[in-house]
Amino acid sequence: MRTPLETKQFRVMPGDDLKEILKEPGKILREGGLVAFPTETVYGLGGDAENAASSRKIYAAKGRPSDNPLIIHIADFSQMEAIAQELVPEAKILADAFWPGPMTMIVRKNDRIPMETTGGLDTVAVRMPSHPVARQLILTSGCMIAAPSANTSGRPSPTRAEHVSDDLAGKIDAIIDGGPVEIGLESTIVDLSDGIPTVLRPGYINLRMLEDVLGQDRVRMDPGLMEENTRLRPKAPGMRYKHYAPRGDLKIVEGSEGDVVETINRLSAKAIEEGRRVGIIASSETKSRYLQGDIAEIGARSDDKAIARHLFGILRRFDDDGIERIYSEAFDTPRMGTAIMNRLIKAAAHQVIRAGRRVTRVIFVSGRGVCRAPMAAELMRRQRLIRPVEILARGRLVLFPEPINQKVQAVLQGKGMELADYESRVLKNEEISDTTLVFTMDAAQRADIIQRFAGADENNTYVLSYYVGDELDILNPYGGNLQQYGLCFEVLNQTIGKLAVKLNETAGSLSESKEERI
Ligand code: AMP
Ligand code: MG
């Protein structure tokens, strides 16, 4: 362990003489030290961008992976010209429209900025901040300031000076407290280094605003950011890492307002019953409808700038309060929704619950579909379900339709159940809708189905017994005597009873399922 640094605190209030107050922090930067400062987006951790040793210190203080480059903060367009290779025309267009402001451009670099600052890349990220303290600090120090967000790597970005102290006190030379920031999410990053301008990180400046100045087809989103695309990686190194994560387990609940409130209330009640501390991130509109837990009002849906501004602070407060389970509404608002959901989904490690999606069909699948699957289906049809569900029996390997196994028929008859007209059928992909649950009798069948059927995945296809909390497979009685078939019936009967209880408890909601996004 290194001995902790004494972290000097500076405070600026409206009306203060910035030039005077920032003299000392400016000197610290010039001499290779680290200074955290407010910008309009989030607090930055600054060092002299041209000093490789300063950049190394930034990585060390944050615990940041060394291949994740820093953004260089400038106060004049000529500084970008000084560190970039020849600029494409879009650079000037974007600077005229959005600088000073919350937009970062990636351009090809020359030799002036060391590789330590750009994480080994031959491109460089540049931004001209509008915050008066940030601007004056650049001017007073005489440095271009390399600054990532002033948080410990992986934690939510700091939107107040106290957040910076919590993470970095003792590790950096100074913190300038300029009060809470205005925007609360990091800058929009636009890549100009490679073909059509591409948004690598969404932010306050949204795609529409960029299209307005560059033209409709002259800017696009990084396909690696798109939710449908799980194969491509985001181009900005920082967007690939685990990020913004609170210590508690965060899940996003999306759906209609009523379904979301109902689901969050149900999940919270369950977690609290299990002795967990629960936090809820609610909009102003729905806040009063939550029944228990620590309810954080993030802002009105009609004011998504407020939502953006409060997000990271709430995640940090929940950490401070030892919150273990966090349920958040989704905020797909028109103006900043893309940026908000990008951060929230990362913070939730992609755990998105779709509220109000109810199971409409249950398919039991066994090998040939003549024994366990039809027995399970018939038992299920006799359960009392709160919400109606279509129940099917299918086989994985059905060459031609067969009637039910004779011993199964005998066991069923003994229980007053009969399946005289049954014919086995093979499972088809079209039968697995997005509100279907598929149950197999053992793990090998499950793996096979998930592999072979596009519609089947970890979130809708389960081993029947595991789904209800048992650990044994439903053994195939094939070739056994009547008693063994009877035993199989009893096991299935119990298991199906538990399944019905589980479906009724969750009101048939598919909401426990996770969704992989981005
Ligand atoms: P931070 O300011 O902490 O949000 O980190 C800066 C962000 O900018 C990270 O996501 C980086 O990966 C991204 N970035 C910085 N320089 C480059 C570059 N040359 N190419 C792509 N992304 C970059
Ligand atoms: Mg960051």
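One-based numbering, in listed order, for ligands and for the atoms of each. These numbers come from the heavy atoms of this one structure, side chains and all, not from hydrogens, waters or symmetry mates.
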Hey, looking at [atom], which of [options] has the closest heavy atom?
atom                    : options                        : answer
atom 21 (C) of ligand 1 : Pro237, Ser187, Ala146, Ala125 : Pro237
atom 4 (O) of ligand 1  : Arg108, Met105, Arg201, Lys62  : Arg201
atom 3 (O) of ligand 1  : Gly203, Ala150, Ser149         : Ser149

Legend entry - Short side-chain donor-acceptor distance under 3.5 Å, Thr104 and Ser187: yes
Legend entry - Under 3.5 Å side-chain donor-acceptor pair for Arg220 and Thr198: yes
Inset, instruction - Please name the residue in the list Phe318, Tyr244, Tyr43 that meets the ring pair (Phe, Tyr, Trp, His ring centres under 6.0 Å) test with Phe312. - result: Tyr244
Numbering the atoms of ligand 1 from 1, which are under 4.0 Å from a heavy atom of [X]?
X      : value
Ile189 : 7 (C), 8 (O), 13 (C)
Thr123 : 18 (C), 19 (N), 20 (N)
Ile71  : 2 (O), 6 (C), 8 (O)

Proximity of [X] to ligand 1 by residue part, where a heavy atom lies under 4.0 Å:
X      : result
Asp191 : neither
His73  : neither
Leu121 : side chain

Legend entry - Phe10 side chain reached by Glu24 side chain, heavy atoms, under 4.5 Å: yes
Legend entry - Check: Leu87 and Phe77 side chains under 4.5 Å, non-hydrogen atoms: yes
Inset, instruction - Measure up the His73 and Phe37 rings against each other and bin them: parallel (under 30°), tilted (30 to 60°), perpendicular (over 60°). - result: perpendicular
Inset, instruction - Please verify whether a non-hydrogen atom of Arg64 lies at under 4.0 Å from ligand 1. - result: yes
Inset, instruction - Could you tell me whether ligand 1 has any atom less than 4.0 Å away from a heavy atom of Asn68? - result: yes
Inset, instruction - Cation-pi check, Arg335 to Tyr204: give yes when NZ or CZ is under 6.0 Å from the six-membered ring centre and within 45° of the ring axis, no otherwise. - result: yes
Give the residue, atom name and distance (to 0.1 Å) of the protein heavy atom nearest [atom].
atom                    : value
atom 14 (N) of ligand 1 : Pro69 CG, 3.7 Å
atom 10 (O) of ligand 1 : Gly238 CA, 3.3 Å
atom 18 (C) of ligand 1 : Ile106 CD1, 3.5 Å

Inset, instruction - Check whether more than 12 heavy atoms from other residues, nucleotides or ligands sit under 6.0 Å from atom CG of Asp217, and answer yes or no. - result: no
Inset, instruction - May I ask you to check whether over 12 heavy atoms, not counting those of Glu162, lie within 6.0 Å of atom CD? - result: yes
Inset, instruction - Work out which heavy atom in Pro69 is nearest to a heavy atom in Leu121; give both atom names and the distance. - result: CG-CD1, 3.8 Å
Inset, instruction - Could you say whether the N/O atoms of Glu186 and ligand 1 ever approach to under 3.5 Å? - result: no
Legend entry - N, O or S of Ser153 under 2.8 Å from the Mg ion (ligand 2): no
